[in-house]
Asks: 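Below are the structure tokens for one structure; questions will follow.
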Amino acid sequence: MALTDYVRDMRGCSRCSSCKWVPFNQVKSWRNAMNCPAITRFNFHAYSGSGKMNMGLSHLQGRSELTEGAADIIYHCQLCGACEVSCKVYRDDIDLTDVLLELRATCVEEGQLMVEHMAMLDFLKRDDNPLGEPKSTRGDWTEGLGLKDINREPADVMFHAGCRFSYDPDLREIVRGTARLLQSSGAVVGVAGGEESCCGGRVYELGYRGEAANYAEDMLSRVKASGATTLVTGCSDCYAHFKYAYPRIGKELPVEVLHVTEYLDRAITEGRLRLRDSVPMKVTYHDPCHLGRMSEPFICDWEGDKLLRPMSLKRTGKGGIYDPPRRVLSSIPGVRLEEMERIREYSWCCGAGGGVLECDPEFAAWTAGERLQEAISTGAEAMVTACPWCERLFKDAAGESGLDLPVYDITQIVLRSTGTR
Amino acid sequence: MKPEELQKLPPEVYKELEEVVGPENISEEPALLDGYAWQPTFNSSPDLWVPRCAAAVLPGSTEEVQAVVRICNKHNILYKAHSTGWGTFNAVKAGGIVLDMRRMNRIVEIDEKNMYAVVEPYVSGISLQAELLSRGLNCHMIGAGCGASLLASATSGVGDGWDGISMSYSPRNVLGVEWVLPDGELLQMGSLGSHGTWFSGDGPGPSLRGAMRGWCGAFGGLGVFTRVAVKIFNWPANGDHRSEGLMFDYLPPLPENLKVFMVVFRDRGSFAEGMYKIGEAEIGYIQCRNALGMILGGALPRFQRKLPGVPAMVEMLKSMQFCLTHIIAANSPRELAYQEKALRAIALDSEAFVLDMGQLPLGGLLFWGLVKDSLPPLIFRIGGQFSSVFGHDETWDSSILLNRVGQEIKQKWIDRDGMIDDLADNAWMFLQEDGMWTHCEELILYDPREEKHVRSVNNAIAEAMISAVEHCQGPGFMLLNPMVRRMLSPMMSHYNFWTKKLKKEFDPLGLSDDVAYCSEEDVEEADIDLENMTFDIPPEELARIFEERISVIPAPREMAQ
Ligand SMILES: Cc1cc2nc3c(=O)[nH]c(=O)nc-3n(C[C@H](O)[C@H](O)[C@@H](O)COP(=O)(O)OP(=O)(O)OC[C@H]3O[C@@H](n4cnc5c(N)ncnc54)[C@H](O)[C@@H]3O)c2cc1C
Ligand code: SF4
Ligand code: SF4
């Protein structure tokens, strides 16, 4: 697909601005009525989902050039999908996120690149991760856990840690705990360790299609070779790309792909994992965009009039993963869940996605700060999430802004309750 | 040089503006500016763009607005402010700058005791309402939807919504106003001017509500409004009821003291009579006629596409054409029972039947969709765009008349495949102020990506305007095009010449862009350039229609001076 395939979508925009707001029936206060970090922070219409579509059309019609300034606006967007959810409440014929993705691919084709993203690309080329960490240390986190090496040993569950969990020292205990939880549920767990590489999601989002396809191909061959029947990841970003981007570019993984929250939910329901100890805590849960609305699986593209497209092919956000993490939390003795105002399909983004963390960390931190304030206003003692990118940013933003709210990965609370050490 | 001949802001002007709002809040990046040039609603040109402005600025306070306006006056620059900026009337002529008021988004005050709220331009209906319901209060919202600005419809454009039966319409709800006049001076209207309090729009300070907006609004042609107090109303329930879901899956229960009914009348006559009685009985909170086109297009667009091929189904649906959704609200169970009894008695009298929608699964959706005003953008679902003819606020008899005429005109264009077939039934009608007056618009659903649709919609609008005037009705609120205003001006006592006079008093330099209000083209003597209009009707035919049908009142040139 290319931007030109979305002219009808762009020309169909009624300019109603619904894409700037939480779906109207779910607006609960003035404070939390907005859904799009980009327009909320930068205010010009061009920053909204609609505005970016207007820019795309303007460019295609030769009204404006894709200048550095225009590309800057296009990349000041977390690709969080909130605008699409709100638009789709009313429209069947506009695939907003796809337009945003195509705009980025157009920027790449026309050489309008962000310097910070190019640096990230260099890291990827060199060490297969966007963080600039050496490839050789990628598997260090697995040390002493007794995990199978999927390159050599059979395993029924292949665990994909992802770049952030593989390298971030502050999150190391989380990923190790996740592996232990999988093991305690009775699964034979294998990892690619040092051979694991980036899923390619970030480059896909930035518009580097060729690179994204290479990473997907790489992952596909590793999964095939492993013989595993299930792939589990604790990273929501990777999860969304396995579910949506991979099949979209023809690299569907031939295994069941589960986010760790889905896996734990099943294990708890089936009695394979026992939650014994009370964790007395009032928490609020942040739905990561990539576990929620952005993880809706890709089924197939639809040619022709999108109004006539079957509902199952319309991405509304409803097909994301919202209930498994909530069920997991509610099955932990002592945990009380206090919901924020913006949840599920219309959750506010943490700020890290779409390359924003790399190109404008200040904007990313501002976005996270908005969410932390919302979380604090629930009276919760801690925020729980299920994505290492969200967690990293929330921790940093809380530290920088002095907002005093502990942030946990959901597996940390589960681990405490199982009594696993 | 005329201001509209300006190609680009001179660097020194840009710099002055930048000093006022800060570098983050001004831009002349062409791609960004095209975000403001995309205005598909009420746009008669097939490419759906309006002229690109020279720059966009985002003022953050009244002082910044004043400073920006003064810079425009100093350098002879056109400008126009908008709130959410939806509709062609937001276009500023080439060379002008746009003041996007988005940064001014605060609810300044909610005075529960005196029942008003003070808001800035970017406070939408839904965000104020979200704060009000928990306080047992509510606010009037317009039919454009709850994402529209409360201030914009109060000060600058139209103002009708389906809660009009109990909450009136925006211009009647305006209290104190803070207004940056076209030359940058600050005017505080109503009690704000004399006391610094917001409770009244008329005196003891100056009352300029009529001059500020008249019936329909100046659409940005009279300076910039920065704060306004609007009346707020009773919400006889305990806050809000919540449930998961976004639209068709959003099904919270109804609150205790409110009920929603559907009343199906036999025919237009019994509908007309029944509505009069409902108004007299003063038993409405929110109400709206259910147009088949609106319901099918919004909820079942695929079905609607197929419908014209099934005449029996069309006939069956048309037998339910005169159907009303009616919400009652009371302060006690006894009062609620009384209102329901009265509604049922009126229905019986009018040979209508009543369904208690609260008992049906979709009742919650309908109820909350009307209360929260979240349904309107569904109108874009089937084709992507709508237009509107008539759009008047008149007696109920007039509305009923226009409902009939509108259907006839629309059917003709539907038969020519010129718009989406909505069974020619899309009149948006309701009572205002318990029926003291009423609203009627005939909505047209179309796909702006189809050129034939765009052309026929223009024709249908022209025809409807002529027809409305022929039937002694006003041509409606959408007199956005100077050309159209000039054509219709002779039939309407040259009203636009008078507004132009008023405008000149407020804005001697003519820099607050008035293209959607009463521009220079309105009063130019040159012949109407029918060639350049996008009507399909041959120009000579159109000219003949006008000549034949319209008794022209000679236009005294001095009126425009
Ligand atoms: C699709 C659609 C449906 C509509 N349906 C209805 C309806 O059912 N009922 C109804 O009453 N109206 C309706 N309108 C018209 C509506 O009243 C106006 O568009 C406006 O009042 C709605 O608020 P807004 O935030 O969209 O205003 P905007 O689009 O921002 O502005 C509307 C006009 O007011 C001017 N304006 C706005 N803010 C200011 C300000 N602060 N200072 C000076 N001028 C300003 C603008 O220049 C513009 O000309 C509809 C419009 C559209 C586009
Ligand atoms: S919600 Fe959709 S149709 Fe409306 S302005 Fe946004 S992108 Fe356009
Ligand atoms: S994807 Fe998210 S950040 Fe980007 S425009 Fe849409 S809502 Fe805004």
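Below, chains carry the letters A, B, ... as their sequence lines are ordered, and counting in each starts from 1.
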Asks: Would you indicate whether the side-chain heavy atoms of Gln26(A) and Met247(B) approach each other to under 4.5 Å?
Replies: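 No, side chains not in contact.
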Asks: Output the distance between atom CG (Leu308(A)) and atom NZ (Lys306(B)), rounded to the nearest 0.5 Å.
Replies: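 That separation rounds to 5.5 Å.
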Asks: Given heavy-atom pairs under 4.5 angstrom as the criterion, report whether the side chain, backbone, both or neither of Ser29(A) touches chain B.
Replies: both
Asks: Rounded to the nearest 0.5 Å, what separates atom CD1 in Ile73(A) from atom OG in Ser27(B)?
Replies: 6.0 Å
Asks: Look up atom CZ in Arg15(A) and atom CH2 in Trp38(B), then write down how far apart they are to the nearest 0.5 Å.
Replies: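 These two atoms lie 11.5 Å from each other.
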Asks: Inspect the contact between Lys318(A) and Asp249(B) and indicate whether a charged nitrogen and a carboxylate oxygen are less than 4.0 angstrom apart.
Replies: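 Here Asp249(B) pairs with Lys318(A) in a salt bridge, since their nearest N and O are under 4.0 Å apart.
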Asks: When rounded to the nearest 0.5 angstrom, what is the spacing between CG in Asp92(A) and CZ in Phe380(B)?
Replies: 14.0 Å
Asks: Would you check if there is a donor-acceptor pair between the side chains of Asn43(A) and Arg103(B) at a distance under 3.5 Å?
Replies: no
Asks: Sort out for me which of Phe42(A), Trp30(A), Phe44(A) touches chain B most, counting heavy-atom pairs under 4.5 Å.
Replies: Phe44(A)
Asks: Would you mind checking which part of Met10(A) comes under 4.5 Å of any heavy atom in chain B, side chain (CB onward), backbone (N, CA, C, O), both or neither?
Replies: backbone
Asks: Check whether NZ of the Lys or CZ of the Arg Arg63(A) lies under 6.0 Å from the centre of the six-membered ring of Trp49(B) and within 45 degrees of that ring's axis.
Replies: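 That pair qualifies as a cation-pi contact.
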Asks: Run the salt bridge (Lys or Arg N to Asp or Glu O under 4.0 Å) check on Arg381(B) and Asp93(A) step by step: do they pass?
Replies: CA-CA 8 Å; Arg381(B) 193 163 177 207; Asp93(A) 55 349; over 6 Å; no
Asks: May I ask you to say whether Asp305(A) pairs ionically with Arg305(B), meaning some side-chain N is under 4.0 Å from a carboxylate O?
Replies: yes
Asks: Quick one: of Gly298(B), Gly85(B), Pro301(B), who has the most non-hydrogen atom pairs under 4.5 Å with chain A?
Replies: Gly85(B)
Asks: What part of Arg31(A) gets within 4.5 angstrom of chain B, counting heavy atoms only: side chain, backbone, both, or neither?
Replies: backbone
Asks: Check the pair Ser64(A), Arg52(B) against side-chain contact (heavy atoms from CB on, under 4.5 Å), reporting the backbone distance first and the verdict last.
Replies: CA-CA 11 Å; Ser64(A) 62; Arg52(B) 183 193 288 157; 4.0 Å; yes
Asks: Using 30° and 60° as the class boundaries, would you call the ring planes of Tyr122(B) and Trp21(A) parallel, tilted or perpendicular?
Replies: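 If you compare the ring of Tyr122(B) with that of Trp21(A), the planes turn out parallel.
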Asks: With side chains defined as the heavy atoms from C-beta onward, is the minimum distance between Tyr322(A) and Glu244(B) less than 4.5 Å?
Replies: no
Asks: How long is the gap from CZ on Phe24(A) to CG on Leu246(B), to the nearest 0.5 Å?
Replies: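 Here the interatomic distance stands at 12.0 Å.
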Asks: Between CG of Leu378(B) and OG of Ser18(A), what distance do you get to the nearest 0.5 Å?
Replies: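 Separation between the atoms: 9.5 Å.
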Asks: Give a yes or no on whether a salt bridge exists between Arg11(A) and Asp447(B), defined as a side-chain N under 4.0 angstrom from a carboxylate O.
Replies: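 Looking at Arg11(A) and Asp447(B), the cut-off is not met.
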Asks: If we ignore angles and hydrogens, is there a donor and acceptor under 3.5 Å between the side chains of Thr67(A) and Glu29(B)?
Replies: yes
Asks: Would you mind checking if Arg449(B) and Asp9(A) are paired as a salt bridge, meaning a charged N to carboxylate O distance below 4.0 Å?
Replies: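 A salt bridge is absent here (no side-chain N lies under 4.0 Å from a carboxylate O).
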Asks: So what's closer than 4.5 Å to chain B heavy atoms on Lys20(A): side chain, backbone, both or neither?
Replies: side chain
